[in-house]
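Numbering of residues begins at 1 and proceeds along the displayed sequence. In this text the structure is predicted, and so the values were computed from the model without any measurement. Ligands are counted one by one from 1 in listed order, and the atoms in each one are counted from 1 as well.
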Amino acid sequence: MAPANADAQAALALTPQRGFGFAGAVALDVNRGGRGWGTAATIIDVAAEDQALTLTSACDTTGIELVHHLELDVETDVVRITVTLANRGAAAVSVHRLPSVCVPVDADWSVTSWHGRWALESQLQTVTPFTGAWVRENRAGRTSHHTAPTIWCHAPGADSAAGATLGLHLAWSGNFRDTVESLPDGRRYAALESVWLPGELILDPGESITAPAVIGAYADDGIDGVASAFHRYIRRHVLRATLRETPRPVHFNTWEAVYFDVNATVLPELIDAAAGLGIERFVLDDGWFTGRNDDTAALGDWTVDRDKFPDGLGPIAQRVNDAGMEFGLWIEPEMVNPDSALYRAHPDWAQALPGVDVVMARHQLLLDLSRPEVCDYLFDCIDRLLSDVPIAYLKWDMNRDLAQPGGAGGTPIAYRHTRALYALLDALRERHPSVEIESCASGGGRADLGILARTDRIWTSDSNDALDRLAIQRGFATVFPPEVMGAHVGPRDCHITGRRFSMAFRTAVAMFGHMGVEADIRELDDDERETLLAAIALYKAHRAWTHAGKTVPLHTPAHEHGLGIVASDGAQALYIHAILASAPVAWSPRLRLRGLARDATYRVDTVWPSPAPADAIHDATFGGDVLMQIGLPMRVAKPQTAVIYRLQRLAD
Ligand code: DGJ
């Protein structure tokens, strides 16, 4: 009992409840016609099976039943938690708030999360202990560029590589709220929840809803330790088993090469150039469908533009296949341009609020996916494309927020939009199981485990700026493994930041994800071409194990970047060391590696740039303890350059 408080403090339960007097910000909030809001569900059944626990709670006065299901995956050290609310009463229940989970955390722990913006996503931000609440709320209707449904709470003194850390992720691609609140009595909790609009979630008698799942992991080696658990979990339980053993093919994407100027003349030139570089998948981005010459028109009209492709996409896909590559296609199904045949035929299919001016973004509107006829239309369009053309890959884009998520008559449909999207993706995957799908939303605006359970790759960011990419990819790796991280070699002069980087630097950065090329490869000079060829060959030589390996970020001074991937059997590793800006001193400190076996011996070679400078480390032998405790000696290097070391463990 806290002084001057209630005789008994309401527990920090998985679902805090108002009926017990819980006065924190996050709790179950329901009502049935203005009554029945003070739920006080108590546990009536506990079922434990293997590593799973199911807790059933009931509140007889409000007719609310809660079922919490916690499942620990011992292989990955990740717990998956869901809560299901059922209406056991005689009248409809309106649900305002159903947190997916609340977890107690120590009052002096800090909170880390992602923040960012378009073209600079997944930046890590830490907030030290505070009073009151820390809240990140996302109303973008997609996972968003500015925050993420992931938080890490960590003990005083913890950093990314060390210290007690609890990571929580909400597997959800719509609106959400992350909260860490310090209660006046000194207790603190972290909560993740999806957000429903007023009146969006009404359950009739007998109906139930399962809130989006949370996955959580605890590690005593910081955010990186939690990330390793998340990566293991994603590989075992989220990604399709069929893709685990398949090498991730090198992409070519037409967007930053030619933008909307795709046609039957330009594409063969790019196809030939891509094949000559050893590229394995050719993705035709925006601009291929009827009337799509810029971003003002045609979204919704998913038929091939016969002005650009008089014989359709079949011959293009055939040429791609003949050149030894897979063919991929961009679509943005959830959208419609007012200047489109679809909108002219069905203006009522667009999301809107009656009597309110529409909020435009990129000249486009959201479709109302809560209408079955809209999803049927989209399914038919995409199904036809996939059936008519040998498409192995879809890049599924989504280029604006849900600003006015109103369905027929203005009904709230933000939550329903995401659910309908999931159902559409699930149906397409069932019909076309071999087609891989990439989740893109103006870059990394839809990156979460809800969407990844239905897709195979995430477009990390629209920025191909190699410097910014190092930070973006570092943040991205706190949740996602490298094989799902789209990482492209962009144009010589970055189209977004205007910065110029060497081909050696751009390729070094892209090699640490799922590598691709997104630049006009017809105009490479000889040196650039040779470097790109060598980088693609290096990526291919190692991807079988880097895409199953453990990511180990390194400690470096602020103007440097270091990160490694260690093979799951420990037999080899690749480490990138990049110089970001001019150093305050002449010499870089030694680079202390992580993730090695202390008592093993390693051969170290500089494998990038290629060819390596004559005085670069080559065929050198070090103990794992030396590499981790003392570190590799560094050469003097210029800003915006990167070196990649390959380590091979030698037999004892
Ligand atoms: C935004 C994506 O992030 C880009 O990669 C590209 O596909 C454009 N949309 C096309 O409109």
Side-chain angles (χ1 to χ4, degrees), residues 116-122 140-146 173 251-263 266-267 270 281-302 305 308 327-337 339-340 360-366 382 385 391 393-401 436-448 451 455-465 468-469 472-473 476 484-491 494-497 506 510 513-521:
R117 60 164 169 83
W118 171 76
L120 199 66
E121 300 87 338
S122 52
R142 49 183 177 173
T143 327
S144 92
H145 297 84
H146 61 272
S173 318
H251 277 205
F252 176 77
N253 183 292
T254 56
W255 182 241
E256 291 206 346
V258 290
Y259 293 99
F260 295 99
D261 295 331
V262 292
N263 56 53
V266 166
L267 288 191
L270 290 169
R281 180 182 280 155
F282 187 96
V283 181
L284 170 53
D285 209 281
D286 201 348
W288 58 269
F289 45 103
T290 310
R292 185 70 167 175
N293 299 313
D294 54 31
D295 63 7
T296 63
L299 288 173
D301 300 344
W302 301 111
D305 190 327
K308 293 180 179 178
F327 181 60
L329 193 67
W330 177 97
I331 46 169
E332 193 180 358
E334 297 149 80
M335 301 291 166
V336 64
N337 285 120
D339 184 3
S340 67
M360 295 300 296
R362 211 194 189 207
H363 314 282
Q364 62 197 59
L365 297 170
L366 266 299
I382 301 167
L385 278 168
I391 295 168
Y393 187 83
L394 282 178
K395 177 179 175 185
W396 187 295
D397 206 346
M398 193 234 193
N399 283 306
R400 66 158 294 176
D401 290 347
E436 291 178 40
I437 304 179
E438 172 172 20
S439 170
C440 172
S442 309
R446 194 148 62 192
D448 62 84
I451 201 71
T455 54
D456 306 287
R457 183 197 209 229
I458 293 171
W459 182 225
T460 315
S461 175
D462 271 351
S463 179
N464 291 321
D465 176 297
D468 284 346
R469 267 289 180 146
I472 295 167
Q473 294 181 186
F476 192 84
V484 305
M485 178 169 76
H488 292 178
V489 178
C494 175
H495 290 184
I496 286 176
T497 62
R506 281 177 277 152
H514 176 190
M515 188 178 188
V517 180
E518 188 173 335
D520 193 346
I521 47 178

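- Residue, atom and distance of the protein heavy atom nearest to atom 9 (N) of ligand 1 are Asp397 OD2, 2.7 Å.
- Between Asp462, Asn464, Asn253, it is Asp462 that holds the heavy atom closest to atom 4 (C) of ligand 1.
- Looking at every heavy atom in both residues, His495 comes nearest to Pro491 through NE2-CG, 3.3 Å.
- Looking at Asn464 and Arg469, their side chains come closer than 4.5 Å, going by heavy atoms from C-beta outward.
- Among all protein heavy atoms, the one lying closest to atom 11 (O) of ligand 1 is Asp286 OD2, 2.7 Å.
- Contacts with ligand 1 closer than 4.0 Å are made by side-chain heavy atoms of Cys440 only, the backbone lying farther away.
- Salt bridge annotation for Glu334-Arg142: absent, with no cationic side-chain nitrogen under 4.0 angstrom from a carboxylate oxygen.
- Residue Trp459 has at least one heavy-atom neighbour below 4.0 Å for each of these atoms of ligand 1: 3 (O), 5 (O).
- If you look at Phe260 and Trp255, their ring centroids are closer than 6.0 Å.
- Considering only non-hydrogen atoms, atom 7 (O) of ligand 1 lies nearest to Asp285 out of Asp285, Thr460, Val283.
- Atoms of ligand 1 lying under 4.0 Å from at least one heavy atom of Asn399, given by number and element, are 1 (C), 9 (N).
- Close N/O approach between Gly443 and ligand 1 is found [any backbone or side-chain N/O within under 3.5 Å].
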Should Arg292 and Asp305 be marked as a salt bridge (Lys or Arg N to Asp or Glu O under 4.0 Å) after you check the CA-CA gap, both sets of side-chain angles, and the distance that decides it? CA-CA 8 Å; Arg292 185 70 167 175; Asp305 190 327; over 6 Å; no
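- The part of Arg362 lying near ligand 1 is the side chain, judged by heavy-atom distances below 4.0 Å.
- Only the side chain of Lys395 comes within 4.0 Å of ligand 1, counting heavy atoms alone; its backbone N, CA, C and O stay farther away.
- Looking at every heavy atom in both residues, Ala487 comes nearest to Gly513 through CB-CA, 4.1 Å.
- If you look at Phe282 and Phe327, their ring centroids are not closer than 6.0 Å.
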